[in-house]
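Notes for the one structure printed next.
Each chain gets a letter, A, B and so on, in the order its sequence line appears, and its residues count up from 1.
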Amino acid sequence: METRYDPGAVEARWQEAWEAEGLYAAHADDPRETYVVAFPPPNVTGELHLGHALQLALADTLVRWRRMQDYNVLFQPGYDHAGISTQSVVEKALERDGLSRHELGRAAFEERVWEWLRLYGGTIMTQFRRMGASMDYRRERFTMDDAYVRAVLQFFVHLWNKGYLYRDNRIVNWCPYHESALSDLELDHVDTDDELFSIRYPLADGDGHITIATVRPATILADVAVAVHPDDDRYRDLVGREAVVPFVERRVPIIADERVEPEFGTGALKVTPGHDPVDFEIGRAHGLPEPMVVRGDGRMNDVVPEVAGRTQEEAGDLVLAWCEERGLLEKREPYRHTVAVCERCASRIEPLISLQWWCRMDELKEPALAVLRSSDVRYHPPSQHRFAIGSLENAPDWNISRQIWWGHQLPVWYCPDGHPTVAPWEPDACAECGSGELERDPDVLDTWFSSALWPFATLGWPDDTPDLRRYYPGDFNITAREIIRLWENRMIFSGLELVGDIPFRDVIIHSTVLAVDGRRMSKSLGTGIDPLEPIDEYGADATRYGLQKISSTQDVRFSYGAIEEGRKLAIKLWNVARLILQNTEGVLPALEPRDLEERWILARLDDARAELEDAWGRFDFSESTATLYHLTFDDFCDWYAEAIKPRLYDRDGAAIATALAALEELLALLHPVMPHVTEEIWSQLPDRASRLIVSPWPEEDVRFSADAGALDRVQEAAQIFRRSGVQVELGSDDERRIFAAVVRPERAQSDGDRGAEIERLRKEVARAEGMLANERFVANAPTDVVAAEREKLERYRSELAALGG
RNA sequence: GGGCGGUUAGCUCAGCUGGUAGAGCGCCUGCUUUACACGCAGGUGGCCGGGGGUUCGAGUCCCUCACCGCCCACCA
């Protein structure tokens, strides 16, 4: 065995070996109970970031634990085509060659994306392997696989047949560069210096005016109303009258709406439903028209001929000049505010009205709400469960169409009269008028539309496959908090709708890893950390351990300290294995554990196994890492290994046999978290080390932490040591100290320590006496609490007596 | 503005159903020759954010205030 542990070499070797041996392979005909994880497919163009690393560390630990418990585990990897994200990456690559997708055309562009993916896509799977993720890599799935595309289109057809889909004009976040609608999550918000203009709209009947404020004077051309707050006394008598929009000189109503913020500007809002989300809502509520003056490329359309084709700045200047000439420009002032921009290209978002496909949520969400309310599907932690229910209850209709090229093109064809025909493949004729002239809808589906099918489309749905029958529903899913509404809830309702069952029972919402200074990790802030750095520096095992240790709370600061601790743990394990293995020679006879420390460590390992099962069952990784750390350092290395060292040197057969068995068990418990180092050590153990023990539990079983009777026996032993002048401390269940007293009598305390111990016991006795003397305590506290206190007092007194205090 | 979470040792954080505080790192002291200095033994260090309440008893439950953060929605 190497003197020093070198994670890099060991990890690379085992990752290769495991996969070559097919250890991760899942088989539908394997009769053992299944354990299935629906793991978030990363973007196909993505690279490993801390979110992935954390998800992998947690999921892979659970998966390995169950695999060791003889489950038929399915841990399936895959990629998401990530529509806008991928398209943007490829477009940027094209730009470097001086090309745009519009020059290429749709078909050629799609071919470029595929080509790009063949060349550069998929690096993240290599990085998953470096984390030691035990996925069945042969089963890699992609949301653009032929089979998957079929599932997506089938989903659309299904929703259409159920009457859930409709088309409607809605205001969308429009990126003028990508010429596409963006979801709210594809936006960044940046502080921007603008100008705020106060402009007078003359009243149509008679004198006077009403002054509005705007930063986008060009959109004045599309105004259809002026709105004020219904409780705003300043304008109360103006409501119901009309104002004249400058430049276009159109008469528009003055209306009252609660969405107007009276405090802002003059308290009067120009209503532009075509170019502002709030205005759109107001417009809909008041039945206003929805004209638009800005085109998809951000320039002015020809609705107002004077500005046709101009930029918004130019058009705005013309409008302002017009107002100024007529004395309508009341004020212009610097104004700093946040502006939504495209997160890919930083273009300023243009709210535009666009004809979109929508999915009604009212009926679809009910079954999902039912399984959440009944906790058939549970989010962890519970606060996220409540959040998931709340956000599903309030889920608005789902905009499922996107105006980009990379993705699943809508399975909708239009005849010249505009009748839509929905079919999973190209129909021969319009379903409504029979026309054979059909043109496919150019839009593609929202990326999350296909993601919603992930747990079952990856198993072959819509076909009734052996995989689907065997591995659905799954066990758990793990993801980040902000994905709940986008993905989790949608997987649940689509699983119920299409397959008739929940996709998984548990959803683990892991902590958000913040930068060391407590801010969010982001590339733009320069606060991001590449998980490959700690993997290179400390090893994958250490990184897995460190990430789990810090994964308990909602937000957690990244810390190398936790990973450093993981490295220490791996090294410690390595060294204690060296101690045992270096002193093991030849074939050993099967032996019984003989001495107290041997039975003690086996008991500890047994208890630890139960503790881990409990902690992992509750997805409490903070507790599981703490258990493993203390088991290894304190119990196994500091006490047990130190105690048996002399007998190992003497080649004591029983000591060696037990040590090997105990080591093997320790490795098994650590393996789910630190697979590489444990596997490396395990591979060097003599065959079937655990079989060296005939019976780990002799009749005179001593299980300190589990068995109160055993504690009594240890107490007796301790009394004997005391009589021979050895000081021991019997805390209520401080087994390590008992153990120390029993097996290491040479560590007797000095007289000074003894004085301190007497002092401590006196304080304890005084405290217990005080509590028991308190009549209200005795009367009101639960009887077992009082009894426990009496017991403690008894014990402290006897220990004090034994010390001569 | 809405939702959620945090505030415990110098730092990063544990503290399960209430019984007067723990870990790792750091720091201090002492230990280097048959696993490990990437180590061992021991030690220093905390009015558990402020205030109020419930209780015999509150880091733990309730209310409130103050900061900090995350997510979502955002003022034309």
Check: What integer distance in Å separates A:Arg481:CZ from B:rG5:C1'?
Finding: 8 Å
Notebook entry, point to check: Considering residues, nucleotides and ligands other than A:Glu258, do more than 12 of their heavy atoms fall under 6.0 Å from its CD?
Noted result: no
Checklist line | A:Glu642/A:Lys645 ion pair, N-O < 4.0 Å | finding: yes
Next item on the list: On RNA chain B, check which nucleotide each of A:Arg578 and A:Ser622 is closest to and give me the residue with the more 5' one.
Entry: A:Ser622
Notebook entry, point to check: Any side-chain heavy atom of A:Thr214 sitting closer than 4.5 Å to one from A:Thr272?
Noted result: no
Notebook entry, point to check: Using 4.0 Å as the upper bound for N to carboxylate O, is an ion pair formed by A:Arg567 and A:Glu564?
Noted result: yes
Notebook entry, point to check: Can you name the closest pair of heavy atoms from A:Pro351 and A:Arg216 and give their distance?
Noted result: CD-NH1, 3.9 Å
Next item on the list: Can you label the angle between the A:Phe558 ring and the A:Tyr560 ring as parallel, tilted or perpendicular, going by 30° and 60°?
Entry: perpendicular
Next item on the list: Starting from P on B:rC36, measure out to CG on A:Leu581 and report it in whole angstrom.
Entry: 14 Å
Next item on the list: Determine the interatomic distance between C1' on B:rU8 and the same-named atom on B:rA76; round to the nearest Å.
Entry: 46 Å
Notebook entry, point to check: Is there a donor-acceptor pair under 3.5 Å between the side chain of A:Gln548 and the backbone N or O of A:Ala57?
Noted result: yes
Next item on the list: Would you indicate what A:Ala626 reaches in the nucleic acid, counting non-hydrogen atoms under 4.0 angstrom: base, sugar-phosphate, or nothing?
Entry: nothing
Note to self: Any side-chain N or O of A:Tyr649 below 4.0 angstrom from OP1/OP2 of B:rA35?
What the structure shows: yes
Notebook entry, point to check: Between the base of B:rA23 and the side chain of A:Glu565, is there a donor-acceptor distance below 3.5 Å?
Noted result: no
Notebook entry, point to check: So what does A:Val576 touch, heavy atoms closer than 4.0 Å: a base, only the sugar-phosphate, or nothing?
Noted result: base
Next item on the list: In whole angstrom, give me the gap between the P atoms of B:rG22 and B:rG59.
Entry: 14 Å
Check: Is A:Lys572 near enough to B:rA37 that one of its side-chain N or O atoms lies under 4.0 angstrom from OP1 or OP2?
Finding: no
Check: Using the C1' atom in both, what is the distance from B:rC67 to B:rG51, to the nearest Å?
Finding: 15 Å
Notebook entry, point to check: In whole angstroms, how far is the P atom of B:rC71 from the NE2 atom of A:His510?
Noted result: 12 Å
Notebook entry, point to check: Heavy atoms under 4.0 Å, any strand shown: does A:Lys270 hit a base, just sugar-phosphate, or nothing?
Noted result: nothing
Next item on the list: Describe the nucleic acid contact of A:Arg567 in one word from base, sugar-phosphate, nothing, applying a heavy-atom distance below 4.0 Å.
Entry: nothing
Next item on the list: Rounded off to whole Å, could you give me the CG-to-C1' distance for the A:Asp620 and B:rG15 pair?
Entry: 11 Å
Next item on the list: Can you tell me, in whole Å, how much space there is between the P of B:rG46 and that of B:rC56?
Entry: 32 Å
Checklist line | Carboxylate-amine/guanidinium contact A:Arg604 A:Glu611, below 4.0 Å | finding: yes
Check: If you measure from the P atom in B:rC4 to the same atom in B:rA41, how many Å do you get, rounded?
Finding: 46 Å
Checklist line | Residue A:Lys645, side-chain heavy atoms: nucleotide from B:rA76, B:rA35, B:rA41 that is nearest | finding: B:rA35
Check: B:rA76 C1' sits how many Å from A:Tyr201 OH, rounded?
Finding: 10 Å
Next item on the list: In whole angstrom, give the distance that lies between atom CD of A:Glu258 and atom P of B:rC74.
Entry: 18 Å
Check: To the nearest angstrom, how far is A:Asp634 atom CG from B:rG22 atom P?
Finding: 14 Å
Checklist line | Nucleotide nearest A:Lys568 (side chain, heavy atoms from C-beta), chosen from B:rG24, B:rG3, B:rC36 | finding: B:rG24
Next item on the list: Look at all strands and tell whether A:Tyr5 reaches a base, only sugar-phosphate, or nothing, counting heavy atoms closer than 4.0 Å.
Entry: nothing
Checklist line | Spacing of the P atoms in B:rU55 and B:rC11 (rounded, Å) | finding: 37 Å
Notebook entry, point to check: What pair of heavy atoms forms the shortest contact from A:Val260 to A:Gly267, and how long is it?
Noted result: CG1-O, 3.5 Å
Checklist line | Nearest-Å distance once atom C1' is located in both B:rC13 and B:rA21 | finding: 14 Å
Margin query: Both A:Phe558 and A:Phe387 contact RNA chain B. Which one's nearest nucleotide lies toward the 5' end?
Written below: A:Phe387
Notebook entry, point to check: Under a cut-off of 3.5 Å for both distances of each Watson-Crick or G-U pair, what dot-bracket string does RNA chain B give, using [ ] for crossing pairs and | for inter-strand pairs?
Noted result: (((((((..((((.....[..)))).(((((.......))))).....(((((..]....))))))))))))....
Notebook entry, point to check: Does the side chain of A:Tyr335 get closer than 4.0 angstrom to OP1 or OP2 of B:rA76 through an N or O atom?
Noted result: yes
Next item on the list: Check the distance between B:rA73's C1' and A:Asn394's CG and give it to me in whole angstrom.
Entry: 12 Å
